[in-house]
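Okay, so here's the structure we're looking at.
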Protein chains: 2
Amino acid sequence: MKKENSTNSLNERYLLNTCDFNYVLQLIGGRWKSQIIFSIAHGNNRFSLIKQDLDNISDQVLGRQLRSLEIEGIIEKSEIPFSIPKGIQYNFTEKADSLIPLLRELCQWGGQHKRPLDPIKIC
Amino acid sequence: MKKENSTNSLNERYLLNTCDFNYVLQLIGGRWKSQIIFSIAHGNNRFSLIKQDLDNISDQVLGRQLRSLEIEGIIEKSEIPFSIPKGIQYNFTEKADSLIPLLRELCQWGGQHKRPLDPIKIC
DNA sequence: GCAATAACGAACTAAATTGTGAGTACAATG
DNA sequence: CATTGTACTCACAATTTAGTTCGTTATTGC
């Protein structure tokens, strides 16, 4: 539960008012958010497809993060019209389209600059 | 205290092994880390200068984040040789130099895409 | 010699994020 | 008409992150 006047939340607000970078962190800083974005970018545009792709995520957490990405204007829901089983589709907004290239750049940077361990897929 | 085998930390490791983006998030995802980086980039290369600049941060939190950025290879400490008062200086590594332009891009993106509130400085 | 400032560290508490168990609504399938 | 699958929501518990309290070393300025 968020407390309105804890130092913690005051600092959060202070930072949001100080630098736009913190807004971006809020958008994509969550544990699974960037992975969900990359997964949708790979064509997994339905709840069950994303869930399969990120095989350690639970229904509940996925639902929560999708909702949050929707509120933040990164994805949009739509019904798939003549599909069996009938379902819901997630699509990127324009906002997302402009963000994703930047995320990929960061991802590449990460691949080049992390301490060398195992080879890891670049998103 | 970190638990080694909680689902939470297993998921964290899974994500680190899945996509390099999560490594980047680990570097810069902390509440104050990006602000500290921007502050140093603005020329505040000493503990006390950064503290003044980010006026809501406490000594302890700043110290912790600086140490973490140092371990992650983003900044380096050095003694200022003939300064009065004698002190310690923080400088960016090459790694940081290559990261900062990407952070600025994200910051700009944030400025253009956040819901319009007050004008906020671009870092 | 005494207070003040810089630059921290350890240990603890408060608060936020993440994960879990249970349950819902609706359509199709057997 | 009971079961299965999709796409969720809610309340609560586990875990992690952020902040606080107190203390340290070392130097400078008076």
Side-chain angles (χ1 to χ4, degrees), chain A residues 1-15 22 25-36 44-52 54-71 75 77-90, chain B residues 1-16 22 25-26 28-36 44-52 54-71 75 77-90:
Chain A
M1 220 186 300
K2 290 252 187 189
K3 309 226 166 166
E4 278 298 294
N5 286 315
S6 59
T7 307
N8 208 316
S9 100
L10 289 174
N11 279 346
E12 194 184 334
R13 283 212 291 284
Y14 162 78
L15 287 171
N22 298 300
L25 268 188
Q26 215 179 35
L27 283 190
I28 55 157
R31 166 153 305 173
W32 297 93
K33 281 185 190 163
S34 55
Q35 294 319 293
I36 292 171
N44 304 303
N45 59 352
R46 298 188 49 171
F47 195 97
S48 50
L49 293 173
I50 300 169
K51 192 167 142 56
Q52 264 172 50
L54 310 176
D55 56 343
N56 288 303
I57 202 172
S58 70
D59 272 28
Q60 299 72 10
V61 171
L62 178 54
R64 206 188 295 160
Q65 303 280 25
L66 282 171
R67 224 178 101 60
S68 153
L69 287 170
E70 199 193 342
I71 290 170
I75 56 176
K77 280 204 274 194
S78 56
E79 293 231 343
I80 304 174
F82 304 107
S83 66
I84 295 168
K86 184 186 158 195
I88 284 173
Q89 207 181 21
Y90 292 97
Chain B
M1 218 187 298
K2 287 251 190 190
K3 308 225 168 169
E4 278 295 296
N5 287 316
S6 61
T7 306
N8 208 318
S9 100
L10 289 174
N11 280 346
E12 194 184 334
R13 282 212 294 284
Y14 162 78
L15 287 171
L16 279 172
N22 298 299
L25 268 187
Q26 213 178 38
I28 55 158
R31 167 155 305 175
W32 297 94
K33 280 185 190 163
S34 55
Q35 294 319 294
I36 292 171
N44 304 303
N45 60 352
R46 297 188 50 170
F47 196 97
S48 50
L49 292 173
I50 300 168
K51 193 166 140 56
Q52 263 173 50
L54 310 176
D55 56 343
N56 289 304
I57 202 171
S58 70
D59 271 27
Q60 298 69 12
V61 171
L62 178 53
R64 204 151 59 201
Q65 305 279 23
L66 282 171
R67 228 180 98 60
S68 153
L69 286 170
E70 198 193 344
I71 289 170
I75 56 176
K77 278 205 277 195
S78 56
E79 294 232 341
I80 304 173
F82 303 108
S83 65
I84 293 169
K86 184 185 160 197
I88 285 173
Q89 207 181 21
Y90 293 96

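Predicted model only: the values in this text are computed from it and were never measured. Note on naming: letters A, B, ... go to the chains in the order of the sequence lines (proteins, then strands), and numbering restarts at 1 for each one.
As a whole-Å value, the separation of B/N44 CG from C/dA6 P is 14 Å. Distance CZ (A/R31) to P (C/dT20): 11 Å, rounded to an integer number of Å. In this structure, A/L25 atom CG and C/dT17 atom P are separated by 12 Å, rounded to whole Å. The distance from atom NZ of A/K51 to atom C1' of D/dG5 is 12 Å, rounded to the nearest whole Å. Protein atom CD of A/E12 is 14 Å distant from nucleotide atom P of C/dA15, rounded to whole Å. Note: CG (A/N22) to C1' (D/dA18) measures 14 Å, nearest angstrom. The CD1 atom of A/I75 sits 13 Å away from the P atom of D/dA7 (whole-angstrom rounding). Atom P of nucleotide C/dT20 and atom CG of B/L10 are separated by 10 Å, given to the nearest angstrom.
Not a single side-chain hydrogen bond (donor to acceptor under 3.5 Å, both in side chains) links A/Q65 to another residue, sequence neighbours left out. Scored by the side-chain contact (heavy atoms from CB on, under 4.5 Å) test, A/D55 finds B/Y14 as partners (sequence neighbours excluded). A search for side-chain contact (heavy atoms from CB on, under 4.5 Å) contacts involving A/L62 returns A/I36, A/F47, A/I50, A/K51, A/I57, A/L66, not counting sequence neighbours. Every residue was checked against the side-chain hydrogen bond (donor to acceptor under 3.5 Å, both in side chains) condition with A/E70, not counting sequence neighbours, and none meets it.
Listed by residue number, the members of residues 57-66 of chain B with any heavy atom below 4.0 angstrom from DNA chain D are B/S58, B/Q60, B/V61, B/R64.
What you find for B/S34 and A/L25 is that their closest heavy atoms are OG-CD1, 4.3 Å.
Counting non-hydrogen atoms under 4.0 angstrom, B/K2 reaches the backbone sugars and phosphates but no base. Residue A/K33 is classed as having no contact, given no heavy-atom separation below 4.0 Å to the nucleic acid.
Considering only side-chain atoms of B/R46, the nucleotide from C/dA7, C/dA15, D/dA7 that sits closest is C/dA7. The side chain of B/I88 sits closest to C/dA7 out of C/dA7, D/dA18, D/dT16. Nearest nucleotide to the side chain of A/F47, out of D/dT20, D/dA7, C/dT18: D/dA7. Candidate nucleotides D/dT6, C/dA6, C/dA15 were compared by shortest atom distance to the side chain of A/S6, and C/dA15 ranks first.
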Pairs under 3.5 angstrom, nitrogen or oxygen only, protein versus nucleotides 3-5 of chain C, please.
none

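A donor and an acceptor atom, one from each side chain of B/K2 and B/S9, are nowhere located under 3.5 Å apart. Side-chain contact annotation: B/R31 with A/N22, donor-acceptor N/O pair under 3.5 Å absent.
OP1 or OP2 of C/dG19 lies within a sub-4.0 Å distance of a side-chain N or O belonging to B/N11. Contact annotation: B/W32 reaches the phosphate of D/dG19 (side-chain N/O to OP1 or OP2, under 4.0 Å). Contact annotation: A/T7 does not reach the phosphate of C/dA14 (side-chain N/O to OP1 or OP2, under 4.0 Å).
Using a 4.5 Å cut-off on side-chain heavy atoms (C-beta onward), B/I88 and B/S78 make no contact. Put simply, the side chain of B/R46 does not reach to within 4.5 Å of the side chain of B/Q52, judged on heavy atoms.
More than 12 heavy atoms of other residues, nucleotides or ligands lie within 6.0 Å of CZ in B/R13, so this atom counts as buried by the packing criterion.
Two residues, A/K77 and A/N8, neighbour DNA chain D, and the one matched to the more 5' nucleotide by heavy-atom proximity is A/K77.
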